[in-house]
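Accompanying notes for the structure given below.
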Amino acid sequence: MTTLLVGQPLDLARTLQSGQAFRWRPVAVDGGEWWHGFLGDEPVLLQQRAQRASKDVALDVRCRSGAEDEVVRRLRSYFRLGDDLPATYRRLRRDPHLADAVARLHGMRLLRQEPWECLVGFLCSGHNNVKRIMLMMERMADAYGTPAPLYGVARNAFPTPERLTKAGERALRGLRLGFRAAAVAHAAQAVAVGSFPLAALREWPYERAKAALVELPGVGEKIADCVLLCSLEKPEAFPVDRWVRRAVEEWYGVKPGMGRNGKPRKEATHEEICAWARARFGRDAGYANQYLFQGRRTEEREVGGMRRVET
DNA sequence: TCCTCTCCTTGCTT
DNA sequence: AAAGCAAGGAGAG
């Protein structure tokens, strides 16, 4: 077992359940509660030490023997420990809505994920909920991934584009992906044969990379921005889903502008909201987005006189 | 050309 | 128990 000194705010559970990544799950190992997941093909178990001051945050790490150094390197990248989150918090807290979200969700970090798994996860996100996205991802891994047992936890690495191409749309429907099966199958084929240079998008400018992603069936602006923000190093990306849209419209009064035909639109466009967010949050737009999303999704609300919290 | 409406699978919640 | 709903996208009109 290794230990990773984090030296930054990190709430492991909040981060891994924040709806960015879909393959982390709690497991019991040797009588302790751990998080099991993958860094690429490398299986890992993570446990957060009791947290006192943020400088004391440490992660206990279990991985295949011999892989420790590589895993620790990947963890620093995965949790974006190079981001100065306290400095970001200081700027975001000037905004009362974000101050509240930061207070409730302290330690939730953006992740730097592997692009292929990230793309498939968000391809499955449309008209769906997080629990079922995780189910779909797990079924794909169970059926087509490579076994990677660790401390008695038998799970498979997420399947490569080649493996999912071989599986095909029909089989993916069998895994109950529904209408998303065609999009996943198409993306797998495009990445596998090299007609879609997913990994190279990391080096491309934001607009060009987004334009390329949107060409994929099943990828619109929202999913493109998710993949760009969470795996392709594009801090300008500001995914606008129903939660973020509601937060921006209700909390900040952002209204739709005029259409080209002079009539007011029903909703603000992605571009309008994205431009507004860049102007308001600047370089913190990515973290602001994640805190608005999760803050809105988990806020307490009055329903029939009962206080309840969405999970 | 731009905007809006409807449909698309499945499974959990009310 | 039937209906509603969930990190959207695409095609029709």
Side-chain angles (χ1 to χ4, degrees), chain A residues 14-24 101 105 108 110-111 113 117-140 169-187 210-211 213-231 237-249 255-274 277 285-299 301-306 308-311:
Chain A
R14 273 180 194 153
T15 300
L16 299 183
Q17 298 178 107
S18 63
Q20 298 176 69
F22 304 102
R23 290 213 65 211
W24 291 97
L105 302 168
M108 179 178 68
L110 281 178
L111 297 173
Q113 302 182 59
E117 181 181 325
C118 184
L119 172 61
V120 178
F122 285 112
L123 275 173
C124 291
S125 70
H127 204 64
N128 204 351
N129 55 59
V130 173
K131 191 178 293 184
R132 200 156 68 94
I133 299 169
M134 293 198 284
L135 252 178
M136 292 171 173
M137 295 294 277
E138 201 68 9
R139 283 194 286 252
M140 283 186 263
E169 176 184 343
R170 197 56 169 271
L172 293 175
R173 277 191 174 268
L175 300 180
R176 287 167 289 173
L177 268 66
F179 60 85
R180 307 160 193 88
V184 173
H186 180 100
K210 184 168 180 176
L213 275 167
V214 168
E215 289 300 304
L216 291 172
V219 179
E221 290 203 64
K222 188 271 171 184
I223 289 177
D225 272 339
C226 284
V227 177
L228 290 165
L229 179 65
C230 295
S231 72
F238 193 84
V240 180
D241 62 21
R242 60 181 74 196
W243 297 101
V244 170
R245 177 178 297 282
R246 271 178 245 167
V248 169
E249 287 178 353
K255 301 290 184 214
M258 294 295 161
R260 299 291 169 80
N261 53 10
K263 286 181 283 191
R265 277 188 294 266
K266 191 174 184 180
E267 289 189 317
T269 64
H270 279 72
E271 183 46 41
E272 283 172 339
I273 293 180
C274 199
Y287 276 97
N289 182 279
Q290 185 60 28
Y291 276 84
L292 287 176
F293 164 69
Q294 193 70 349
R296 183 77 188 188
R297 208 168 71 93
T298 61
E299 90 182 324
R301 57 186 66 188
E302 299 286 340
V303 178
M306 302 275 287
R308 53 184 308 108
V309 178
E310 308 219 6
T311 50

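Chain A is the first sequence line, chain B the second, and so forth, proteins listed ahead of strands; every chain is numbered from 1. Note that the structure is a prediction, hence the values are computed from the model and not measured.
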Atom [atom1] of [X] to atom [atom2] of [N]: distance rounded to whole Å?
X         : N      : atom1 : atom2 : answer
Leu123(A) : dC8(B) : CG    : C1'   : 15 Å
Arg297(A) : dA6(C) : CZ    : P     : 11 Å
Leu216(A) : dG9(C) : CG    : P     : 12 Å
Phe22(A)  : dA7(C) : CZ    : C1'   : 7 Å
Arg265(A) : dT4(B) : CZ    : P     : 8 Å
Asp225(A) : dA7(C) : CG    : C1'   : 12 Å
Phe122(A) : dG9(C) : CZ    : C1'   : 16 Å
Phe179(A) : dG8(C) : CZ    : P     : 9 Å

Query raised in the report: Does any donor-acceptor pair link the side chain of His127(A) with the base of dT10(B) at a separation under 3.5 Å?
Result: no
**Report entry** dT9(B) to dA12(C) separation - P atoms, rounded to the nearest Å
**Finding:**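 Those two atoms are separated by 15 Å.
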Report task. Taking atom P in both dG4(C) and dT6(B), compute the distance separating them and give it to the nearest angstrom. Result ->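 Their P atoms lie roughly 14 Å apart.
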Query raised in the report: With Asp241(A), which of Arg297(A), Arg246(A), Lys222(A) fulfils side-chain contact (heavy atoms from CB on, under 4.5 Å)?
Result: Lys222(A)
Report summary line: In Met140(A), Met134(A), Arg132(A), the residue satisfying side-chain contact (heavy atoms from CB on, under 4.5 Å) with Cys124(A) is Met140(A)
May I ask you to evaluate whether [X] reaches the phosphate of [N], defined as a side-chain N or O under 4.0 Å from OP1 or OP2?
X         : N       : result
Arg180(A) : dT9(B)  : no
Arg132(A) : dA6(C)  : no
Lys131(A) : dT13(B) : yes
Arg242(A) : dA6(C)  : yes

Query raised in the report: Are the side chain of Arg245(A) and the backbone of Ala268(A) linked by a donor-acceptor contact shorter than 3.5 Å?
Result: yes
**Report entry** Donor-acceptor under 3.5 Å (Gln294(A) side chain, Gly19(A) main chain)
**Finding:** no
Requested in this report: Could you say whether His270(A) or Asn128(A) is positioned toward the 5' end of DNA chain C, judged by the nucleotide with the nearest heavy atom to each?
Outcome: Asn128(A)
Report task. For Cys230(A) and for Val214(A), locate the closest nucleotide of DNA chain C by heavy-atom distance; then report the residue assigned to the nucleotide nearer the 5' terminus. Result -> Cys230(A)
When all nucleic acid strands are considered with a 4.0 Å heavy-atom cut-off, which category describes [X]: base, sugar-phosphate, or nothing?
X         : value
Val219(A) : sugar-phosphate
Gly220(A) : sugar-phosphate
Glu267(A) : nothing

Report task. Both distances under 3.5 Å, Watson-Crick or G-U wobble: report the partner of dA6(C), or none. Result -> dT10(B)
Query raised in the report: In terms of the angle between their ring planes, are His127(A) and Phe179(A) parallel, tilted or perpendicular, with boundaries placed at 30° and 60°?
Result: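 His127(A) and Phe179(A): tilted rings.
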Query raised in the report: Looking only at side chains, do Thr269(A) and Glu271(A) share a donor and an acceptor under 3.5 Å apart?
Result: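 Side-chain D/A pair, Thr269(A) to Glu271(A): absent.
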Query raised in the report: Which nucleotide, dT4(B), dG11(B), dG9(C), lies nearest any side-chain atom of Arg176(A)?
Result: dG11(B)
